[in-house]
Amino acid sequence: METTYREALREALREALLRDDRVFLMGEDVGCYGGCFAVSKGLLDEFGPERVRDTPLSESGFVGAGIGAALGGMRPIVEIMTVNFSLLALDQIMNNAATLLHMSGGQCAVPIVIRMTTGAGRQLAAQHSHSLEGWYAHIPGLRVLAPATLEDARGMLWTALEDPDPVLIFEHGTLYNLRGELAEDAGAVDIDRAAVRRAGGDATVITYGGTLGTTLDAADELARKGVDAEVIDLRSLRPLDMPTLLDSVRRTHRAVIVDEGWRSGSLSAELVARIVEHAFYDLDAPVERVCSAEVPMPYAQHLEAAALPQVPAIVEAVERVMRGG
Amino acid sequence: METTYREALREALREALLRDDRVFLMGEDVGCYGGCFAVSKGLLDEFGPERVRDTPLSESGFVGAGIGAALGGMRPIVEIMTVNFSLLALDQIMNNAATLLHMSGGQCAVPIVIRMTTGAGRQLAAQHSHSLEGWYAHIPGLRVLAPATLEDARGMLWTALEDPDPVLIFEHGTLYNLRGELAEDAGAVDIDRAAVRRAGGDATVITYGGTLGTTLDAADELARKGVDAEVIDLRSLRPLDMPTLLDSVRRTHRAVIVDEGWRSGSLSAELVARIVEHAFYDLDAPVERVCSAEVPMPYAQHLEAAALPQVPAIVEAVERVMRGG
Amino acid sequence: MTSEHELDLLRQMLRIRRFEEKCVELYSASKIRGFLHLYIGEEAVATGVFQALRPDDSVVATYREHGHALARGVPAESIMAEMFGKVTGCSRGRGGSMHLFDAERHFYGGNAIVAGGLPIAVGLALADRMLGRDRVSVCFFGEGAMAEGEFHESVNLAALWRLPVLFVCENNLYAMGTALDRSEAQVDLTVKARSYGIRATAVDGMDVLAVEAAAADAVADVRVGAGPAFLEARTYRFRAHSMYDPELYREKAEVERWKLRDPITLLADRLRARGDLDDEAWAAMEAAIAEEIAGAIAVAEAAPVEAVEDLTRFVTSEV
Amino acid sequence: MTSEHELDLLRQMLRIRRFEEKCVELYSASKIRGFLHLYIGEEAVATGVFQALRPDDSVVATYREHGHALARGVPAESIMAEMFGKVTGCSRGRGGSMHLFDAERHFYGGNAIVAGGLPIAVGLALADRMLGRDRVSVCFFGEGAMAEGEFHESVNLAALWRLPVLFVCENNLYAMGTALDRSEAQVDLTVKARSYGIRATAVDGMDVLAVEAAAADAVADVRVGAGPAFLEARTYRFRAHSMYDPELYREKAEVERWKLRDPITLLADRLRARGDLDDEAWAAMEAAIAEEIAGAIAVAEAAPVEAVEDLTRFVTSEV
Ligand SMILES: Cc1ncc(C[n+]2csc(CCOP(=O)(O)OP(=O)(O)O)c2C)c(N)n1
Ligand SMILES: Cc1ncc(C[n+]2csc(CCOP(=O)(O)OP(=O)(O)O)c2C)c(N)n1
Ligand SMILES: [Mg+2]
Ligand SMILES: [Mg+2]
């Protein structure tokens, strides 16, 4: 059936609310407003205000409350409108959600799922365009997911809810209107493995989330130029599925990372480090990175476009690794 | 004269308060209590409660107030007790301090200095032992410093205050009692360049802050084993002084990074990536990393020690790169 | 109050209204992008409050700040150019609608993290105090922002240190789709504010003269060192939260009821009743405003964008 | 009140006192490391509040929580072992003094981020409500924590949703070295709490019977769905903030004055005056406590530490 990323997310929420009484959705404007990006539209009517729970503007408070509710036996899905605002809740996510189990010696598991929008591309300027999922991928105790396809938008949530520990799901803001075919019986998917989205033998291009489409476009252009790129979608940012990545890099001997985060200290750096650690002698060229410019994201369209990873930069990076760097 | 890291920091604060009327120190317990690590002891008596300003427990509030005061023409030094609590102020640091200048098209510079303690090693457990300076080094618009010596403890502050933009200074908690000789006329130091703390030709070991001592100890042990390691102290975590690092790596052909952050996504990853990007063909072995175990820091002494970078692990990593990885 | 003054207030409110109505058109025409939050219906608040302030007082506003920028004297041209993403914009086209800045006019944005501007205002006031300046810092925010921890921390700091801050809460009854009583346990916002031991009053935010008077009262106290004050302006936004809001959360009838208290109509009717405004004067006012806005649009349209090479300028200061 | 019950309260407070006095010795002997925050002087608060709670009620405490853990029934042995860093500790030796946990006893820590535990308590109460359990969640925190944004957000949420949370503020007048009136614009903390529209009372935190009565009153309301309550216990810490505090911020005389109101002495004197306690009974109480603590120390001393190979266990759940 034809659907959108937004509708796939909504179906996943519906399924979760239907299947497990302990599940509830909580966040700013998830109810009456229908979700700031209309993801949860209609769910309030279907499930009522206890299970589709609007919160005040209090990111730290309601994320912490979600953590407490998880400790108390519920299975909360907490929505933070965007990753930009999640900084206000980062203390709770880091010092409580991610830490309680280990620090309590295994007693206090926190089965919470936290969803949030990430990324730029909609001219929302410097306070609404961050890609900070790489930070969350630094935190032991968290699992971090980035659905980039309709299948993953539909299927990751249930699997995340079955995880006994905190799982963060990052939805890129430019994907909500992504339209395509989804099987009628689409359901839960694994959340452990990276996926080869385009097989190819010349170079491995690793990406995730919002830049998957751009990267596939770049691969098409490279194909026209005679370069056969393999495109891997990480899907899980923590833990990283290194076997899938290394398997590809060992075949292609070349790797490029595409990451919308600011270059220095982004997840791309960790990927380069891991590849070098495990496949140094397989590499025929230095690993390249295509990231965002290290600037607060500007509003003006041409400047925002210039700050973000685009097809030409990816094509050039792959061409560079093909030439040996 | 003989002094300590703590006293050197205090002298730097005194100098700043004496030299510039616009400078003031603000934070929790910087005044009456004398500073949670006794850094500002005595300054309240000398400069009074307006300029040595105790705040309520309100990290976001008083860091934001520091940003506002900087916009208003002051030169605030804001102390956050530890980096752990800085998460509560991260929104202000990221979305205001680091962003205002660019987002306003160059109008609103924020000349603030924010100091905080970082790191583990004192059995303070999971909520008091983070090393998150790598996160701050990801943020465009910030300068991030890590004094590891008495000279830098004494000299970085004034230079940071002269910077028209926000500067963060990370003081490792195990360094406050560091004792040694400091020149009577010690004063401002550059904050741009990394420093070679031990010259050597066999391998480059890069570190900063709290792990400099451990790394130098490892270098001594390596020397006894016939390996001559060069030890570089980053000093500035953003921007990174790549020329100094690359110069060394191009000579030694081998690099090891020692970073107390959790391995995945730490600053060490960025260093590996940069070295690979710029000196791939100079490397005779994959770059190695010695980092903290990816666990919330445990209280028990033997577990904490096991989680942190120690001499044997550094020695082994250097030996591995000597063998070609 | 002279009728001259009242006519000026009317003109200012109308100017904000017409400016934003044009913005909507320009948004539909894709000349303006990103998020666009309209102040339509709330014009009396900024207009009234600024009457009580001096040009050197500092201002911190939110993402819903076109009205504040205009009332502050930021030229319509540079605001329009900003929303067009042009280098001549008041933030070089980098901020857009949510991030208007004008340091010369002490207009410190345009902050789009809800409640994120409050601590900044406290700090600006602290600087004024330490530098011996008798300025006031005014901070605008919505009632939804009052649930954020930063509200609490900021008001406590300002109250504790008796800093010259005027906290202006624009209570338009909704935070996006969340009604006040679904966001605040205490719906009398002055009670909340007063619990910090500060002066707190509420005013009809649809009556620009009442706002002006209440703000003047508060500012007089604040300026002489009585500590911060809190002013709740009870108002309403006539339009959607932003361009993407289907307004599922409120009844059309409620909106219509509030429109009967349109601050522009209220004042205009009063002036007409008094004989201080007639159709001709109104038409002249409309024409002058239309001309100014058309001019601003034309200038914005013609202005250049920032060179892509300048993208990384001002990440740090140029020294 | 039967004298039996009062004697039990006395015994509990004395047990906490003696336990912590031993901790100080053990700290000096380097058996306990890290930060150690003593509850000495404040024992009546936890002891009294727990009288009003059921074993299935949830508890969230701070880094100053030995007394709460003991009063809750967490065995002294497992607390001592925790501070020794042993695997038999209530958190396997990973938490230490600041992070005591006992999930079976619904004791959810031991939170060392000031105010960080409050939202957790709100969430525990939310779970109880959604699961139809008539439990109460109690959250302890200092008066210093009330300046944090998380206090504000948590109380508002609990009040808005009328959740069964008892917020217990242990007002010991100082947050480290910061006196209440240098941290809060409003020094009457019940005024602050009441501004959220909740029940708020203050009680003499040195009188365990008064604390018990006030807590019982509050909990009775909270349990039947009247929404959250706030209880301020006015108390004082007799010792330094932690082991490293030179106490520059308060006069010795002030400390001595408060010691005259030592909660243990107060109750003991009352019981003695009534003839319900004599030297013999007191000595027996001391002896039993000393024996228990000595036993706990011996057991902790002898216990094994966690294997280093287990360092990474429980970063995620074992499934
Ligand atoms: C910290 C944060 N959380 C959420 C948002 C998204 N958001 C933008 S405006 C808004 C509503 C704010 O309501 P209010 O404070 O009443 O101001 P109003 O928009 O009504 O003027 C929300 C939830 C944000 N920008 N920042
Ligand atoms: C967010 C945060 N900021 C600062 C600290 C350091 N700190 C620990 S306890 C404390 C004082 C807390 O005072 P209060 O809430 O009154 O509790 P008390 O210690 O008096 O029991 C401070 C500042 C911390 N742990 N967490
Ligand atoms: Mg509102
Ligand atoms: Mg206290």
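The chains referred to below are lettered A, B, ... by the order of the sequence lines, with proteins before strands, and numbering in each begins at 1. Since the structure is predicted, the reported quantities are computational estimates derived from the model, not experimental observations.
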Go through D:Arg72 and D:Asp102 one step at a time and tell me if the salt bridge (Lys or Arg N to Asp or Glu O under 4.0 Å) criterion holds.
CA-CA 10 Å; D:Arg72 180 49 164 199; D:Asp102 189 338; over 6 Å; no
Chain D contacts, top residue of C:Glu150, C:Lys192, C:Gln186, C:His152 (heavy-atom pairs, under 4.5 Å)
C:His152
The interface call for D:Asp188 against chain C, heavy-atom contacts under 4.5 Å, is neither
Residue part contacting chain C, namely of D:Ser154, when any heavy atom lies under 4.5 Å:
neither
Quick check on the 6.0 Å ring-centre criterion: do C:Tyr249 and C:Tyr174 meet it?
yes
Please report the interatomic distance CZ(C:Phe167) to CZ(C:Phe141), rounded to the nearest 0.5 Å.
6.5 Å
For the residue pair C:His68 and C:Tyr39, is the inter-centroid distance of their aromatic rings smaller than 6.0 Å?
yes
Need one label for D:Arg182: side chain, backbone, both or neither, based on atoms under 4.5 Å from any heavy atom in chain C.
backbone
